Amino acid sequence: MLFNSLEFLLFLPLVVALYFTLPVKWRWLLLLVASYFFYMSWKAEYAILILFTTLVDYSVAIKIGNELSKRKKKNWLLLSILVNLGMLAGFKYLNFFSESANALLQASNSGYAFPLYQILLPVGISFFIFQSLSYTIDVYRGIRKPEKHFGKFALYVSFFPQLVAGPIERSTSLLPQINNPRAFSEQNLICGLKLMLWGFFKKLVIADRLGMFVGLIYENPAEYNGIPVILATLLFAIQLYCDFSGYTDIARGSARILGYELMINFNRPLIATSLRDFWNRWHISLTTWFRDYLLYSLPYIKDKKIVQAKIYRNLVITFLLMGLWHGAAWTFVLFGLFHGIMLVIETITEKPVAGFYQRMGINKFPVLKKTIGIIYMISLVVFSLFLFRANNLSDSMLLLSNAFDFSNTAEAMKAILKNLEVVFGIMMIVILLWAEHFHAKHNLVRTIASKPMIIRWTAYIGFIFFVLLFGVLHQEKFIYFQF
Amino acid sequence: MTNKTAKRFILFAALLVAVNFVLDQSFKAFSVHNILNRKMDEQFAAYNDTLKYLALGNSHNCINTHILEKSFNYGSPSENYIQSYYKLKHIIEKSGKKPEYVILQADISTYGPKIADRYEYNSYWIDYIDYRELAKVKSDRNILTKWLEGRFFSYAGNYKDVQLSILYRIKMKTLEMHNGYRPHRDYKNFADEPNKRKLAWDKANLFLSKDAYFDPSIKVYFEKILQLCQANDVKVIMVRYPMTREFHEEEIKIVPEEKLFAEIEAITSRYSVFMGMLNYHDIFFDHPEYFFDPDHLNVKGSDLFTMQFAKDMEKMESGMLAE
């Protein structure tokens, strides 16, 4: 069930109405049933996967909680990690590993080949597995006690607003909310609806519109060169942001209506001034997950021997795995590797660059310094997206080489300016950036809310119909569903 | 929720409904495609002559009804076999005007998924299409949103139609139409285009898909059209309309032409009402001046094509046409 589908527009009000009609003690059950129904509307059988993860992590956490021996606690945790990552490997990476191994075997003239399987990737598997896994690790680390109520834990793993594309919630934040559900609040309802509307604007008006142009270029890599390729990749960065953060807004809005507060997943990443800053603002629930559960678990912290080289190594490993988390393809592995290496270079060159800024007097012009930072960040991110968006490695290499062929620039520019979807899309991006900037400085929502009713309602109604008229209503899937 | 808040919510919802109603009605009255399609309906309702030829299809269908006697061109923008079926069903079952021949479009682009998934102008099609049946055939419940769109939200997502309607009102002052035929666009000529190949590539990739050339739902509705004609003893002629050489060359890079038409032949061979396929796709390969763009004839091209088609129909009826 897509957020931008008729089914969801019927499903959500029904769930909300029933939720607040039921006695408080049964509300978790309704949400659990609704969440499984939501997930099963894609492929009913795959609900077994969520149930299995839930059963394993629920039991393991109880065992860890009851166990006194640290070694045994660790064994139980290892079991949870093995089961969860094993499931992820089986459903998401098995064919990737087999194909890669087969390529190596073929190169060495071995007659053997690993079999390939027809496996349909379960929607959102990387999200719910990471969410569930974080819970057992938290219990192991003593950050929280095991949840005794199986149904409520099952709801934590499957909570429908964030089930298929996050934010990846921590048990320390979501489980207490499930245990103490809030009463209906007009404030939550209004805030939730506003968040959802903003998410629909980002998804339908910007992301899906830009997607048409980006798709045309990336599905036909041999046909385009120069400006269209660079522009398509730049627009893809914004498409990806609007698609994913739009989804997150709708997810957070839906949850807010029900009285649940989900974590902020994006903090204006398009104005980040370095790659590190970018990752602090982009898909925050994933980056903090990798930071807390992988990067900090890698050897150097444990040994307390903080050797710079090991920090860099760990950073590269973390980003390589984060790339792989996005998809089972070498393009994603290289995407992660590129970001890891660039972050290391950025860290190493931080002081010399700061000195250079000082010598050149750039520090006296904060706007210029910020602009240089944004251009630097966007250049790196856009460069890496050649890997992220392309269908395969050879396509991304072809597009990269074509990007620097400016042989027909004038003609290409004319064609782009004639493409009303692109022109309109760019106008909408300007509105988005202005709105985000204004919101950060003056709180746009509160500013509108403080206006007289007639202005406020005109703004809301105007915006609703603007999204309806100018939205691309083909029910395009959210990009992050595939991860 | 306090009473005051509840009242505000109700008032806000009522305002939304009212604005929606105004936008919906305005769009229905303003949309150029709606106006064209409704005018065609009116002309068909007023058509009193013997209906020998009924031409269906999309903008490729350029049969000039001034030239082909006793004909009605009921082709409409972006029409696919799904829409053609429901329109034909309506004509045969409800209008009481049964044609002797139905002329079906059979271009390569007629059969692909990109055409099958184009559901535009639902505020017009809602009078014809059984969306529930269509949703079942396509196993896609979201088709039902198209019914909602057609009934209550005709403007939703149709910003392009608004833009076209404004341009139409600026550029074209009159709506010339004869038995459904509207002279084809003529304000530019494909022969003058500096980069014909690129235009052809763009157009071919817009409508054709590398993954599939014969959409399952199009197959279902193609058979439904033939079954409907068979049951009502209406003869079927299929026509491949003229295309530019560049467009055809780009088409066959994407779609396996022989395979596609072999599959079509396997279907048509089962129906005795099928009279044959007339293939004109290459007759103007050396005449780009007859085209408005890579895949649409201009007025002169349409006239020449229709004259040829009329002659061929005469020959066919007299049993002289070999194919």
Side-chain angles (χ1 to χ4, degrees), chain A residues 1-2 4-10 13 20 41 183-190 193 204-205 208-209 212 215-217 219-220 222-224 228 391 408 411-412 414-415 418-421 423-424 428 453-454 456-458 460-476, chain B residues 1-2 4-6 8-9 11-24 26-27 114 117-120 122 135 140-149 152-164 167 194-195 197-199 201-202 204-206 209-211 250 253-254:
Chain A
M1 195 187 301
L2 293 172
N4 50 334
S5 70
L6 175 70
E7 285 154 312
F8 186 74
L9 290 180
L10 297 172
F20 288 111
S41 67
F184 175 80
S185 132
E186 291 161 33
Q187 196 58 31
N188 279 341
L189 175 66
I190 293 166
L193 289 174
L204 301 175
V205 181
D208 288 351
R209 171 164 285 104
M212 291 190 267
L216 183 68
I217 308 284
E219 295 311 314
N220 304 284
E223 302 292 333
Y224 293 94
N391 291 332
N408 53 356
E411 202 184 313
K414 261 190 222 168
K418 271 188 193 172
N419 188 330
L420 286 174
E421 295 291 4
V423 175
F424 186 73
M428 292 301 105
M453 196 173 88
I454 187 151
R456 212 165 63 226
W457 282 24
T458 307
Y460 296 147
I461 291 175
F463 195 55
I464 288 171
F465 287 106
F466 181 85
V467 172
L468 271 175
L469 179 60
F470 292 102
V472 179
L473 306 180
H474 301 152
Q475 295 180 9
E476 292 293 330
Chain B
M1 197 187 278
T2 62
K4 194 181 164 194
T5 315
R8 279 193 173 188
F9 268 110
L11 183 61
F12 190 79
L15 269 173
L16 281 181
V17 172
V19 175
N20 182 67
F21 179 76
V22 171
L23 281 175
D24 180 53
S26 309
F27 181 86
K114 285 189 183 170
D117 292 337
R118 272 182 93 169
Y119 301 106
E120 295 177 275
N122 289 290
D140 180 3
R141 278 171 293 181
N142 281 312
I143 296 279
L144 296 174
T145 56
K146 299 295 167 192
W147 178 86
L148 269 181
E149 179 198 312
F152 304 111
F153 304 98
S154 58
Y155 61 90
N158 287 328
Y159 52 93
K160 271 191 183 166
D161 207 16
V162 175
Q163 177 208 338
L164 273 174
L167 284 177
N195 199 346
R197 179 66 55 185
K198 177 76 174 69
L199 286 175
W201 184 90
D202 280 348
N205 279 278
L206 186 66
S209 168
K210 282 172 191 156
D211 311 323
E250 292 303 327
K253 279 182 196 167
I254 304 170

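Because the structure is a prediction, the values reported are computed rather than measured. We name chains A, B, ... by the order of the sequence lines, and we start the count at 1 in each one.
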Does the pair I190(A) and F9(B) meet the rule for a side chain to side chain contact (heavy atoms under 4.5 Å, CB included), with working shown?
CA-CA 10 Å; I190(A) 293 166; F9(B) 268 110; 4.0 Å; yes
Given heavy-atom pairs under 4.5 angstrom as the criterion, report whether the side chain, backbone, both or neither of L9(A) touches chain B.
neither
Under 4.5 Å from a heavy atom of chain B, the part of L469(A) involved
both
[X] portion near chain A, given a 4.5 angstrom heavy-atom threshold:
X: L206(B); answer: neither
X: E149(B); answer: neither
X: L23(B); answer: side chain
X: L11(B); answer: both
X: R8(B); answer: both

Between K146(B) and L473(A), what is the shortest heavy-atom contact and its length?
NZ-O, 4.1 Å
Can you see which heavy atom on Y159(B) is nearest to which on V472(A), and at what distance?
OH-CG2, 3.9 Å
Does any non-hydrogen side-chain atom of K160(B) lie less than 4.5 Å from one of E421(A)?
yes
Contact winner vs chain B - F424(A), Y460(A), F470(A), heavy-atom pairs under 4.5 Å:
F470(A)
Among E7(A), M453(A), E223(A), who wins on heavy-atom pairs under 4.5 Å with chain B?
E223(A)
Residue F21(B) excluded, over 12 heavy atoms near CZ under 6.0 Å
no
Determine whether more than 12 heavy atoms belonging to other residues, nucleotides or ligands lie under 6.0 Å from atom CZ of R141(B).
no
Max heavy-atom pair count under 4.5 Å with chain A, selected residue of N205(B), V162(B), N20(B), D202(B)
N20(B)
For K414(A), which residues count as a side-chain hydrogen bond (donor to acceptor under 3.5 Å, both in side chains) partner, sequence neighbours excluded?
none
